[in-house]
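Proteins get letters first, then strands, A, B, ... in listed order; numbering begins at 1 in each.
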Number of protein chains: 2
Amino acid sequence: MNKITAREKLLKAAGELFYNNGITATGIDSVINRAGVAKMSLYNNFKSKSDLVAAYIDARHQEWLDLYAIRSANLANGWERVLAIFDAYQDHAEFDYQNGFRGCGLLNAAAEMPANSIEREAVNRHKQEVRAIVHQQLSELPFTDDSPAHLTQLTEHICFLLEGAISLAGLSKDTGAITRARTMADQLIEQAL
Amino acid sequence: MNKITAREKLLKAAGELFYNNGITATGIDSVINRAGVAKMSLYNNFKSKSDLVAAYIDARHQEWLDLYAIRSANLANGWERVLAIFDAYQDHAEFDYQNGFRGCGLLNAAAEMPANSIEREAVNRHKQEVRAIVHQQLSELPFTDDSPAHLTQLTEHICFLLEGAISLAGLSKDTGAITRARTMADQLIEQAL
DNA sequence: ACAACTATACAGACTAGTCTATATAGTGAT
DNA sequence: ATCACTATATAGACTAGTCTGTATAGTTGT
């Protein structure tokens, strides 16, 4: 029968409300109402709103990893697997566009939190992981300049393109920006080979 | 004696609190306490909190334009004036770092607001203006490929680098990212000439 | 006198989180 | 099959505090 638990309903509702309206602006009552769940079900599953936010951040991170796993499966080389990162974000953008694409949910979450908060650190870890994937995939390619410094610089360049494109795509409601950033990354890699 | 008006005190206090703690998380009382001003002074100068937020966004935009005007004055050509955009953001980053650099205040403000809100549109206009400056300065340079399409693509590439670097610099507390993005833009322009 | 300001009190809605009490479904032991 | 137990769910009242915004009376400098 695979019943949907209150926890799952809460994470789904929180995911939608947090992404669309922001975390601070979203009250506990909105979340439980949208989830169709009793308030105590929230506090039986999560210690506090902060705990729910932490679970939300975690779920978004995992969601992206899953999208990337699908997009990068069966690809021939690191080049294609780097471009698949853009595809994974594109999938993400298309998915959220129904309720109005607002850029990266994790970056938006971080934007609401004070410096040095655990939430910002969690989002930073996510972005570092994305960077590590870019670095790993690029390291398999035979660049003309195969120094570690060049690899690091190219990695960072692609990460900047990625984050910039997603943020500006969300602002200007032009998800095509992500595709164009993908093309830029593609040309960048081609040039360096 | 050049007295500081309640309005100025409020904008300064709101600027600090909104940037450091987020807009939604900052209450009216925090703002007036930090400003050292009566609550009615806020509502005599601003119709509502939203009105104060709009003024905040406007002030940040103007602040950046001023920083850019200083950085781009007396520069020889469009190339240098494009790089000066990175310098202006770097100044911004250094300035805010005292209370913990958290990236672009305008992008962070947009991140808290729902899609299609007037605040997001105001921030979008700011970013479009920055893009127009990049475009304008680049258009003065004698690129090998001087087609409008190439100019547009290079403009967008630099804008992506800019936004990505600022966001990630704020997250990872590494303001050097902005300098490195500047170098990337520099190389990009050099290559295209 | 006039304008800008301060200081407080207030209304009313909303906030996160706690509490009690109840319902239901599944498990294991006898 | 029945009983006791456990886990998870429900409804809804309740506390204690915060939120934006208003009203009112008094103060200060020119």
Side-chain angles (χ1 to χ4, degrees), chain A residues 1-59 108-109 111-114 117-120 122, chain B residues 1-59 108-109 111-114 117-120 122:
Chain A
M1 297 298 172
N2 254 335
K3 282 216 309 211
I4 304 156
T5 64
R7 187 172 213 277
E8 288 165 328
K9 289 187 212 162
L10 282 162
L11 277 173
K12 184 169 182 289
E16 292 161 355
L17 292 171
F18 286 169
Y19 182 82
N20 289 321
N21 308 119
I23 293 170
T24 316
T26 299
I28 282 302
D29 288 345
S30 310
V31 177
I32 61 166
N33 286 337
R34 173 166 266 241
V37 136
K39 189 176 265 194
M40 270 315 287
S41 294
L42 194 160
Y43 286 100
N44 285 335
N45 284 284
F46 303 95
K47 277 205 294 262
S48 61
K49 185 186 177 183
S50 301
D51 197 32
L52 176 63
V53 171
Y56 163 70
I57 290 174
D58 221 60
N108 288 348
E112 302 194 44
M113 303 295 163
S117 58
I118 50 164
E119 291 88 355
R120 277 185 81 82
Chain B
M1 297 303 162
N2 253 336
K3 279 216 311 210
I4 305 157
T5 63
R7 187 172 213 279
E8 288 165 329
K9 288 187 212 163
L10 282 162
L11 276 173
K12 184 168 182 290
E16 292 161 355
L17 292 171
F18 286 169
Y19 182 81
N20 290 321
N21 308 119
I23 292 171
T24 316
T26 299
I28 282 302
D29 287 345
S30 310
V31 177
I32 61 165
N33 286 336
R34 173 165 265 241
V37 136
K39 189 179 264 196
M40 271 315 286
S41 294
L42 194 161
Y43 285 98
N44 285 334
N45 284 284
F46 303 94
K47 277 204 293 262
S48 61
K49 185 186 177 182
S50 299
D51 197 33
L52 177 62
V53 171
Y56 163 70
I57 291 174
D58 220 60
N108 289 348
E112 303 194 43
M113 303 296 164
S117 58
I118 49 164
E119 292 87 355
R120 277 185 81 82

What integer distance in Å separates [X]:[atom1] from [N]:[atom2]?
| X | N | atom1 | atom2 | answer |
| --- | --- | --- | --- | --- |
| A/N33 | D/dT10 | CG | C1' | 14 Å |
| B/L52 | D/dG21 | CG | P | 10 Å |
| A/N45 | D/dA7 | CG | P | 14 Å |

*asked:* Distance check, rounded to the nearest 0.5 Å: B/T24 atom OG1 versus A/N21 atom CG?
replied: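 So the gap between those two atoms works out to 10.5 Å.
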_When you measure from the side chain of A/N45 to the backbone of A/S41, do you find a donor-acceptor pair of N or O atoms at a distance under 3.5 Å?_
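Yes; at least one donor-acceptor contact below 3.5 Å.
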*asked:* Has A/E119 got a side-chain atom pairing as donor or acceptor with A/V53's backbone, closer than 3.5 angstrom?
replied: no
_Residue list, side-chain hydrogen bond (donor to acceptor under 3.5 Å, both in side chains) with B/D29, at least two apart or on another chain_ = B/K39
*Reading 5' to 3' through nucleotides 6-20 of chain C, protein heavy-atom contacts under 4.0 Å coded B for base, S for sugar-phosphate only, - for none*: BB--------SBBBB
*Please identify each residue that fulfils side chain to side chain contact (heavy atoms under 4.5 Å, CB included) with A/S48, with sequence neighbours left out.*
A/S50, A/D51
